Every structure is written in C-alpha cells, then in structure tokens.
Amino acid sequence: MDIVDCIYADHARQRMMFSALDEAKDDPDALGKIFTKLKNYLEAHAEAEERFFYPTLLKKGKGALDSDSAEETTEDAIDDHNKIAIAAEEAMRHKPGSEMWWHWVDQCNCNNSSHMSEEERQGLTDFRRTVPLKTRVDLAIQYLAFQSAHEDDYERKVKDPETYIEKND
C-alpha cells in the first residue's frame, strides 16, 4: 500500500458516494446526510493530497502523459480542489433534493470527476514513475493518519495555486 493506492481508493469511494446520491434521490434526509459526509471527505482528501502528495510531486515529478511538468499538474489540481470545494459549499446552502441543491451537487460531481481523471492520468502516473516505493509507503501512512483524523468534519481553505507552488517547490 502506497499513497497512490490510497488516492485511487479514495477516488473509488467518491464515485460510490456520488452514485449513492442518485439512488437516494427521493429521500431528502438521506441526501443531506450522504452529501455532508461526502463534502467533508472531499475536503479532507484534498487537504491530505496537498500536504503529502503534491509537495513531493513538485520536488520529484517531471510531468506525465499530457502534462508538461509537475508544476502544471499541481497548479491544475489545486485549482480543481478549489472548484470542488466551492460547488460543495454552494450545495450546502440549499435544501437537499431541491433543484438548486442538485445543480451544485452536479457541478461538484463534474468538477470532481474531471479532476480525478486528470490526476489519475497525470499526477499519479508521474508519481509512480519518479518517487521510490519506500517514499510512497511512508507518505501513505502520513496521508491516512491525517485523513482518518479529519474526514468526518473538515473544512479546507481555498488556496491560490501559484502561492501553493511557491511554498512547496
């Protein structure tokens, strides 16, 4: 188990939780509970990546597939995390199951799906190719410890991608 495996597992859980919302579409109480859990999980996941995955990618990565550099991959990811968080926060302002709630949940899902696809294709590929397995395993432990402590109630702060890169490069 390394940090790449952890991130793939998180992505599978996120996909499952978004699917669960569709299945619970006629139960506003369930929708609210599932989405609140998903929102907190997304924010803790993003923060864990920003603390343990992306700093190492910036130092060791070279860019993979359709990304020219680790900086480009990271900048896109931080921007994506911001968009996901903003859409999730907007959804929380509306009654679960309402038209506006679904609008923002769908926006959150679209932003998240796009992000996961890009991250799996670029960042995770680059990481596997450039970061030694021992480092990836050590990072997984820190990543899982952070996420476990925060996934039930976490609010990530929006970050400026350029400032983040300057601080972590």
Side-chain angles (χ1 to χ4, degrees), residues 1-18 35-92 105 107-169:
M1 172 234 26
D2 71 32
I3 194 168
V4 172
D5 298 326
C6 295
I7 292 170
Y8 273 116
D10 284 355
H11 288 182
R13 183 172 178 196
Q14 292 165 25
R15 288 179 176 105
M16 183 267 307
M17 291 178 80
F18 275 111
F35 189 73
T36 298
K37 177 75 173 181
L38 175 57
K39 176 191 173 291
N40 290 329
Y41 188 76
L42 288 168
E43 293 195 16
H45 167 82
E47 186 68 31
E49 285 184 344
E50 291 167 4
R51 287 180 183 221
F52 306 109
F53 178 78
Y54 283 103
T56 303
L57 181 66
L58 283 168
K59 290 173 180 64
K60 301 211 181 253
K62 301 183 184 332
L65 301 173
D66 57 339
S67 176
D68 293 331
S69 68
E71 290 81 10
E72 177 189 342
T73 300
T74 302
E75 183 176 0
D76 288 347
I78 302 304
D79 187 53
D80 289 347
H81 289 168
N82 291 339
K83 290 175 184 173
I84 293 162
I86 290 166
E89 193 59 43
E90 286 296 324
M92 296 298 286
V105 167
Q107 186 64 52
C108 183
N109 190 0
C110 285
N111 292 343
N112 194 58
S113 294
S114 175
H115 167 69
M116 289 187 301
S117 173
E118 190 172 62
E119 185 172 68
E120 289 170 3
R121 189 177 68 250
Q122 296 173 353
L124 296 178
T125 299
D126 195 3
F127 215 78
R128 282 190 309 268
R129 291 178 180 175
T130 59
V131 179
L133 181 59
K134 167 111 175 68
T135 303
R136 296 190 329 246
V137 170
D138 292 345
L139 288 169
I141 293 165
Q142 295 171 63
Y143 177 93
L144 288 171
F146 175 85
Q147 196 172 28
S148 296
H150 298 289
E151 71 180 24
D152 289 330
D153 187 19
Y154 193 80
E155 190 168 330
R156 174 191 163 272
K157 301 222 182 312
V158 170
K159 295 175 177 74
D160 175 65
E162 291 178 16
T163 303
Y164 175 88
I165 290 170
E166 287 173 14
K167 286 175 59 178
N168 290 283
D169 198 7

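If you read the sequence from its start, that first residue is 1, and numbering goes on from there. Just so it is clear, the structure is predicted and the values come from calculations on it, not from any experiment.
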Which pair of non-hydrogen atoms, one from [X] and one from [Y], has the smallest distance, and what is that distance?
| X | Y | result |
| --- | --- | --- |
| R128 | V4 | NH1-CG1, 3.8 Å |
| K60 | T130 | O-CB, 3.4 Å |
| A88 | F35 | O-CE2, 3.7 Å |
| F52 | F146 | CE1-CB, 3.6 Å |
| D2 | A140 | C-CB, 3.5 Å |
| N112 | F18 | ND2-CE1, 3.8 Å |

Nearest-0.5 Å distance, [atom1] of residue [X] to [atom2] of residue [Y]:
| X | Y | atom1 | atom2 | result |
| --- | --- | --- | --- | --- |
| T56 | I3 | OG1 | CD1 | 7.0 Å |
| E71 | E166 | CD | CD | 11.5 Å |
| I78 | N168 | CD1 | CG | 8.0 Å |
| I84 | H115 | CD1 | NE2 | 5.0 Å |
| K134 | D138 | NZ | CG | 3.5 Å |
| D80 | S113 | CG | OG | 11.0 Å |

State, yes or no, whether a side-chain contact exists between [X] and [Y] at a heavy-atom distance under 4.5 Å.
| X | Y | answer |
| --- | --- | --- |
| F53 | L139 | no |
| L58 | Y164 | yes |
| C108 | L42 | yes |
| H81 | E49 | yes |

*List the steps, then state whether side chain to side chain contact (heavy atoms under 4.5 Å, CB included) holds for N82 with R156.*
CA-CA 9 Å; N82 291 339; R156 174 191 163 272; 2.7 Å; yes

Could you check whether atom [atom1] of [X] has more than 12 heavy atoms from other residues, nucleotides or ligands sitting under 6.0 Å from it?
| X | atom1 | value |
| --- | --- | --- |
| K37 | NZ | yes |
| E162 | CD | no |
| K167 | NZ | no |

*asked:* Between E89 and K39, does any side-chain N to carboxylate O distance fall below 4.0 Å?
replied: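 A salt bridge links E89 with K39.
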
Do [X] and [Y] have side-chain atoms, one donor and one acceptor, less than 3.5 Å apart?
| X | Y | value |
| --- | --- | --- |
| N40 | T36 | no |
| H11 | E120 | yes |
| D10 | Q14 | no |

_Step-by-step side chain to side chain contact (heavy atoms under 4.5 Å, CB included) determination, L144 to C6_ = CA-CA 8 Å; L144 288 171; C6 295; 3.7 Å; yes

*Would you please classify the geometry between the Y41 ring and the H45 ring as parallel, tilted or perpendicular, with 30° and 60° separating the classes?*
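Plane angle under 30°, so parallel.
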
*Steps toward side chain to side chain contact (heavy atoms under 4.5 Å, CB included) verdict (E119, Y54)*: CA-CA 11 Å; E119 185 172 68; Y54 283 103; 2.4 Å; yes

